[in-house]
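A short write-up of the structure that comes next.
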Protein chains: 2
Amino acid sequence: MTFPVVGMVGGGQLARMTHEAGIPLGIRFKLLSDTPQDSAAQVVHDVVIGDYRDLDTLRAFARGCDVITFDHEHVPTEHLRALEADGIPVRPGPDALVHAQDKGVMRAKLDAIGVPCPRHRIVSDPADVAAFAAEGDGFPVVLKTVRGGYDGKGVWVVRSAEEAAEPFRAGVPVLAEEKVDFVRELAANVVRSPHGQAVAYPVVESQQVNGVCDTVIAPAPGLAEELALKAEELALRIAKELGVVGHLAVELFQTRDGRILVNELAMRPHNSGHWSQDGAITSQFANHVRAVLDLPLGDPRPRARWTVMVNVLGGDYPDMYSAYLHCMARDPQLKIHMYGKDVKPGRKVGHVNTYGDDLDDVLERARHAAGYLRGTITE
Amino acid sequence: MTFPVVGMVGGGQLARMTHEAGIPLGIRFKLLSDTPQDSAAQVVHDVVIGDYRDLDTLRAFARGCDVITFDHEHVPTEHLRALEADGIPVRPGPDALVHAQDKGVMRAKLDAIGVPCPRHRIVSDPADVAAFAAEGDGFPVVLKTVRGGYDGKGVWVVRSAEEAAEPFRAGVPVLAEEKVDFVRELAANVVRSPHGQAVAYPVVESQQVNGVCDTVIAPAPGLAEELALKAEELALRIAKELGVVGHLAVELFQTRDGRILVNELAMRPHNSGHWSQDGAITSQFANHVRAVLDLPLGDPRPRARWTVMVNVLGGDYPDMYSAYLHCMARDPQLKIHMYGKDVKPGRKVGHVNTYGDDLDDVLERARHAAGYLRGTITE
């Protein structure tokens with residue numbers, strides 16, 4: 001059979017779950033992982049251990065792959081261009097991926113195509129941050145390093161010029177953004193293939209705790225159909241204009257005055273799409289694989305009225321197995337997704353999905369399970 | 001984390017799909033496979049290539065596993081006893097598994113516990129077959145080698161003593177059974193754990209073509225609730241009385257006069273349960289893993305009104321990829337499960353699942369996709 005080989009760079013849980021989704025598709029999956037202990041490296045057959053920052057390693061890995069895709073956005077753009085020059089399809093390609101790697105480039109592009117964003121500009125020092133604040137509603141202001149931040153890392157909310165010193169210490173460009181007065185955060189997940197087919201998942205509500213995604217509700221409760229449609233169209237337009245291939249997550253603010261503004265972009269399967277594993281006809285992982293192989297995409301519609309995902313973070317107790325057993329016994333409908341990672345306090349080590357007709361019940365079940373696994377609920 | 005290691009003997013598609021189901025459970029999965037090309041060996045990280053008939057190989061494989069389970073029923077009973085003597089949990093254990101390995105032992109046990117079976121006895125030669133026929137309604141009679149048969153292999157339907165010579169040539173015991181006048185075949189799938197928890201999947205209709213499973217409809221259309229309940233209770237009772245741990249498939253005949261008779265038993269995930277991957281809250285594969293680890297079992301109830309599974313057999317054309325692409329484009333809701341196997345005419349290389357409210361539509365979609373992949377439908 002001529003079923004293709006998908007090479008994925010990065011051995012985290014996104015690669016683990018992409019491998020899982022690729023098994024029924026009959027594709028071959030090859031992994032470039034930092035260490036043999038990485039989440040995906042434990043479960044994938046064909047694993048290369050190596051450093052994605054090294055071009056020779058990447059090139060050797062890419063040989064024999066029909067397409068290269070990613071668990072994360074950290075591969076240097078010039079390496080991706082080198083792979084493309086070697087004739088290896090890289091999806092998403094470097095011209096698209098740079099918008100998920102560099103928040104400055106992303107904001108400039110979204111401005112250019114007329115996508116609503118928080119007020120923003122690149123700032124040079126604390127005095128410039130004060131000037132930026134004065135141009136709008138004053139402090140607080142959000143500062144972000146343009147590269148390398150995630151899960152609240154590389155992001156600061158500052159209330160004065162004095163507080164704005166730290167982000168500049170690393171010597172990398174810093175983006176200032178207005179602190180948006182939002183009602184809640186939403187995410188619009190879409191998948192696009194090279195031949196231009198695209199599908200949109202229902203817009204979800206995403207609840208963060210300490211800058212880390214905690215709970216996702218699909219679809220976003222009480223979201224006006226008009227706004228949901230607008231968010232889906234926005235995400236589809238961004239995917240097209242930026243030339244994204246594969247999964248694109250558009251993180252959004254829903255403002256108090258009824259607008260939606262783009263917060264972040266991610267060009268890979270995303271935490272806000274994990275609900276789709278058990279809640280949609282086709283999961284984000286399966287559709288990402290289908291997209292990067294230019295296969296027809298699967299139906300993204302929900303299978304249940306409500307699906308809730310809650311992340312499982314590590315707590316103080318390193319062994320989750322007995323808690324895991326308890327959760328299975330308490331709720332035979334619970335869908336647990338463990339990543340095979342060592343437990344460290346605050347580390348994402350898994351997630352749970354629940355679904356059903358009654359949102360309160362679905363939320364309670366997911367929160368209880370995640371809390372019990374973490375050790376913050378002891379019944 | 002102390003998440004356990006499940007060792008599976010046999011590298012076929014059942015192991016492949018069990019691995020897939022084990023990934024979200026966070027367990028470690030270890031495989032003993034005949035060749036590196038086997039279906040599961042392509043996708044499992046920790047693969048040992050070796051012969052399951054060799055006790056030293058089995059012993060070395062079992063070291064470091066918390067439990068041993070099976071993709072097939074061919075491991076010699078004495079080897080399983082040796083592993084148990086070494087202190088390795090074997091699930092299902094040899095005392096249970098022998099009933100799926102030896103049809104003579106199975107029939108004797110089912111008789112002893114009062115489970116309805118076709119009329120049967122061990123026969124010694126063609127003349128004895130004629131005597132067996134004369135004791136009942138005459139020919140035709142079904143002859144089966146007591147060990148080693150599957151998918152129609154090792155099974156003969158004979159219309160005379162003269163036709164009955166072949167089954168005796170191998171010199172192994174032969175079981176004669178009445179040819180049951182059945183309306184259709186059903187399967188009752190249950191999963192049982194060591195602590196005695198058990199769950200029953202809805203009883204399905206199983207349609208065979210040339211002795212090979214072709215289509216499974218869940219639940220069995222038009223099956224009287226009383227008969228469905230009887231079949232589920234029968235399967236649960238067999239699992240308990242035989243001490244089965246893990247998945248048990250009870251293949252049944254529904255007779256023209258409204259009885260159900262046990263045809264075959266399988267103690268592993270089974271073709272008649274593949275629909276559960278996309279059609280049940282918890283798949284047979286996930287529940288098999290949970291059972292062999294003595295974890296609480298997941299909810300076996302259906303997620304859709306109707307789910308249909310159709311096997312994809314190899315046709316004359318060895319490359320299915322373009323047909324596969326066509327099927328995805330035609331039906332974005334289609335769930336394809338490919339096994340990574342080379343296409344040979346008549347060989348099971350995958351299956352498709354469809355689900356929905358309209359059985360005719362669900363059946364048509366699954367049959368079309370499987371036929372198109374095989375090459376018997378060209379649109």
Side-chain angles (χ1 to χ4, degrees), chain A residues 1-4 16-17 19-29 41-47 197 199 277-278 281-282 290 293-301 303-304 318-322 324-343 349-350 355, chain B residues 1-4 16-17 19-29 41-47 197 199 277-278 281-282 290 293-301 303-304 318-322 324-343 349-350 355:
Chain A
M1 290 222 257
T2 59
F3 277 58
R16 181 183 176 102
M17 295 185 278
H19 167 58
E20 179 193 341
I23 292 173
L25 292 173
I27 58 137
R28 305 278 176 137
F29 192 80
Q42 298 168 22
V43 296
V44 171
H45 181 73
D46 198 350
V47 182
Q197 190 193 1
V199 293
Q277 292 175 302
D278 300 298
I281 294 171
T282 314
R290 288 163 77 147
L293 289 171
D294 209 7
L295 285 165
L297 301 178
D299 194 328
R301 282 177 300 171
R303 286 194 72 174
D319 188 357
M320 277 191 183
Y321 196 68
S322 58
Y324 162 93
L325 196 148
H326 167 92
C327 290
M328 285 187 181
R330 185 181 192 264
D331 183 359
Q333 293 179 43
L334 182 71
K335 307 309 285 185
I336 303 186
H337 299 263
M338 300 302 293
Y339 305 156
K341 290 159 87 172
D342 286 336
V343 172
V349 296
Y355 53 81
Chain B
M1 290 221 257
T2 59
F3 278 58
R16 180 182 176 102
M17 294 185 278
H19 167 59
E20 180 193 340
I23 292 174
L25 293 173
I27 58 138
R28 307 276 177 137
F29 192 80
Q42 299 168 20
V43 296
V44 171
H45 182 73
D46 199 350
V47 182
Q197 189 194 359
V199 294
Q277 293 175 300
D278 300 297
I281 295 171
T282 313
R290 289 163 76 147
L293 288 171
D294 208 8
L295 285 165
L297 301 178
D299 193 327
R301 282 178 299 171
R303 287 195 71 173
D319 186 357
M320 277 191 183
Y321 196 68
S322 58
Y324 161 92
L325 196 149
H326 168 93
C327 291
M328 286 188 180
R330 184 181 192 266
D331 184 357
Q333 294 179 42
L334 182 70
K335 307 309 285 185
I336 303 186
H337 298 263
M338 300 303 293
Y339 306 155
K341 290 159 86 170
D342 286 337
V343 172
V349 295
Y355 53 83

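Convention: sequence-line order gives letters A, B, ...; per-chain numbering from 1. A quick note: this is a predicted structure, and the numbers were derived from the prediction, not measured. These values consider heavy atoms only, across backbone and side chains, with no hydrogens, waters or symmetry-generated copies.
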ask   = Who wins among B:Cys327, B:Gly22, B:Ser322, B:Pro4 for the most heavy-atom pairs under 4.5 Å with chain A?
value = B:Pro4

ask   = When heavy-atom pairs shorter than 4.5 Å are enumerated against chain A, which of B:Leu295, B:Leu293, B:Leu334 gives the highest number?
value = B:Leu295

Short side-chain to backbone donor-acceptor contact, B:Arg16 and B:Met338, under 3.5 Å = yes

What part of [X] gets closer than 4.5 Å to chain A, counting heavy atoms only: side chain, backbone, both or neither?
| X | result |
| --- | --- |
| B:Arg330 | neither |
| B:Val43 | both |
| B:His326 | neither |
| B:Ala41 | backbone |

Please give me the minimum heavy-atom distance between [X] and [Y], naming the atom from each residue.
| X | Y | value |
| --- | --- | --- |
| B:His45 | A:Val44 | ND1-O, 2.7 Å |
| A:Tyr324 | B:Leu25 | OH-O, 2.5 Å |
| B:Ile281 | B:Asp299 | CB-O, 3.4 Å |
| A:Val199 | A:Pro300 | CB-CG, 3.8 Å |
| B:Asp46 | B:Phe29 | CB-O, 3.7 Å |

key: From CZ (B:Phe3) to CE (A:Met320), nearest 0.5 Å   = 7.5 Å

query = Of the backbone (N, CA, C, O) and the side chain (C-beta and beyond), which part of A:Leu297 lies under 4.5 Å from a heavy atom of chain B, both, or neither?
reply = backbone

Pick whichever of [options] has the most heavy-atom pairs under 4.5 Å with chain B.
| options | result |
| --- | --- |
| A:Arg301, A:Gln333, A:Arg290, A:Arg303 | A:Arg303 |
| A:Gly350, A:Pro24, A:Gly26, A:Ala21 | A:Pro24 |
| A:His337, A:Glu20, A:Gln197 | A:Glu20 |
| A:Gln277, A:Lys335, A:Arg28, A:Met328 | A:Met328 |

